[in-house]
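It should be emphasised that the depicted structure is a prediction, and the values quoted were computed from it without experimental measurement.
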Amino acid sequence: EFGQFTQVIGGLSQKDVPAFYALAVAWLGWIQANSGDWNAVAELPRTRVILERLLQLDEGYDRGGVHLYMGGLQTLLPASLGGSPETGRVHLDRAIELSAGQFLMTKVIYARQYARLVFDKELHDRLLREVLKADPRVPGMTLPNVLAQKQARALLAESDEYF
């Protein structure tokens, strides 16, 4: 069944990117909301296959959103438990580049998932300070950017306690 799934996803084309991006994002949200259910968590490989194909088709889609989600997936677990934090870091850096640093939530996720995972306080605090200094008013991104600043304040406030 997984083989058939990967075959179908491999056949996607550029015109399929918006629909399958929306599918991957919604699926990841569902998995996150049901993270205590191992059957939900078992769906992660399918979302990864979709994201990998989307990266091949249009890495810049949604201002680098595909890289953001792939980076998030790679930094869910430490390397010792099968995660790939350094690969995640590369994806998060690319997502920042593709959005010209305007999608502030990328830096919040970078700080929360990567910097905390590898215990890099300097990177954590720098990313969050950058989010707080940025103008959140960007067409199409203002609401998520304001939310990113709210999360950045909370994460920065607990930084010393975490590290």
For Phe103, give me all partners under ring pair (Phe, Tyr, Trp, His ring centres under 6.0 Å), at least two apart in sequence or on another chain.
none
What do you reckon, is CD of Gln14 surrounded by more than 12 foreign heavy atoms closer than 6.0 Å?
yes
Separation between CG of Asp62 and CG of Leu68, rounded to the nearest 0.5 Å:
8.5 Å
Tell me whether Gln32 at atom CD has more than 12 heavy atoms from other residues, nucleotides or ligands lying less than 6.0 Å away.
no
Can a side-chain donor-acceptor contact be found between His91 and Gln74 if the only test is distance below 3.5 angstrom?
no
If I take atom OG1 from residue Thr75 and atom CD from residue Glu86, how far apart are they, to the nearest 0.5 angstrom?
10.5 Å
Quick one: is the NZ or CZ of Arg46 closer than 6.0 Å to the six-membered ring centre of Phe2, and within 45° of its axis?
no
Side-chain heavy atoms nearer than 4.5 Å, only ILVMFWY residues, links allowed to pass through others: does that put Ile96 and Leu123 together?
yes
Determine whether a donor-acceptor pair (N or O, by modelled atom type, separation under 3.5 Å) exists between the side chain of Asp16 and the backbone of Ser13.
yes
Quick check for you: to the nearest 0.5 Å, what is the distance between Asp135 atom CG and Leu104 atom CG?
9.0 Å
Spell out, yes or no, whether Leu76 and Trp27 are grouped together once hydrophobic residues are joined by side-chain heavy atoms under 4.5 Å, including indirect joins.
yes
At what distance, to the nearest 0.5 angstrom, does CD of Gln113 lie from CG of Leu92?
8.0 Å
If the condition is salt bridge (Lys or Arg N to Asp or Glu O under 4.0 Å), which residues does Glu130 pass it with, not counting sequence neighbours?
Lys107, Arg126
Please table the atom pairs, donor to acceptor, closer than 3.5 Å between any side-chain atom in residues 146-156 and protein atoms at least two apart or in another chain.
residue : atom : partner : partner atom : Å
Gln149  : NE2  : Val131  : O            : 2.9
Gln149  : NE2  : Ala134  : O            : 2.8
Gln151  : OE1  : Arg112  : NH1          : 3.0

Nearest heavy-atom neighbours spanning Asp58 and Val66:
O-CG2, 4.3 Å
Might you work through the side-chain contact (heavy atoms from CB on, under 4.5 Å) test for Arg63 and Met141, ending with a clear yes or no?
CA-CA 10 Å; Arg63 299 176 180 147; Met141 292 187 277; 2.9 Å; yes
Set of residues satisfying side-chain contact (heavy atoms from CB on, under 4.5 Å) with respect to Leu28, sequence neighbours excluded:
Leu44, Thr47, Leu51, Tyr69, Leu73
Check the angle between the aromatic planes of Phe163 and Phe119 and answer parallel, tilted or perpendicular using the 30° and 60° thresholds.
perpendicular
Between Asn145 (side chain only) and Gln102 (backbone N and O only), is there a donor and an acceptor less than 3.5 Å apart?
yes
Identify the heavy atoms of Gly64 and Ala95 that sit nearest to each other, and give their distance.
O-CB, 3.5 Å
Of all residues at least two apart in sequence or in a different chain, which pass the salt bridge (Lys or Arg N to Asp or Glu O under 4.0 Å) check with Asp93?
Arg89
Where do Ile50 and Phe20 come nearest, in terms of heavy atoms and distance?
CG2-O, 3.6 Å
Reported OH-to-NE2 distance for the pair Tyr114 and His124, which is rounded to 0.5 angstrom
13.5 Å
Please answer: with hydrophobic residues joined when any side-chain heavy atoms are less than 4.5 Å apart, are Ile109 and Val25 in the same cluster?
no
Going only through I, L, V, M, F, W and Y residues with side-chain contacts under 4.5 Å, is there a path from Val90 to Tyr61?
no
I'd like to check the salt bridge (Lys or Arg N to Asp or Glu O under 4.0 Å) partners of Arg116; sequence neighbours left out, ordered by chain and number.
Glu158
Going through the checks in order, is the side-chain contact (heavy atoms from CB on, under 4.5 Å) test met by Met70 and Arg94?
CA-CA 11 Å; Met70 192 61 129; Arg94 185 68 176 139; over 6 Å; no
Would you confirm whether Asn34, through its side chain, and Trp30, through its main-chain N or O, come within 3.5 Å as a donor-acceptor pair?
yes
Do the charged groups of Lys121 and Asp160 touch, with an N to O distance under 4.0 Å?
yes
So which atom in Ile31 and which in Ala40 form the shortest heavy-atom distance, rounded to 0.1 Å?
CG1-O, 3.5 Å
Where is the tightest heavy-atom contact between Val41 and Pro45, given as atom of each residue plus distance?
O-CD, 4.3 Å
When rounded to the nearest 0.5 angstrom, what is the spacing between CD in Gln56 and CD1 in Ile9?
11.5 Å
Is there a path of hydrophobic side-chain contacts, each under 4.5 Å between heavy atoms of I, L, V, M, F, W or Y residues, that connects Leu127 with Leu98?
no
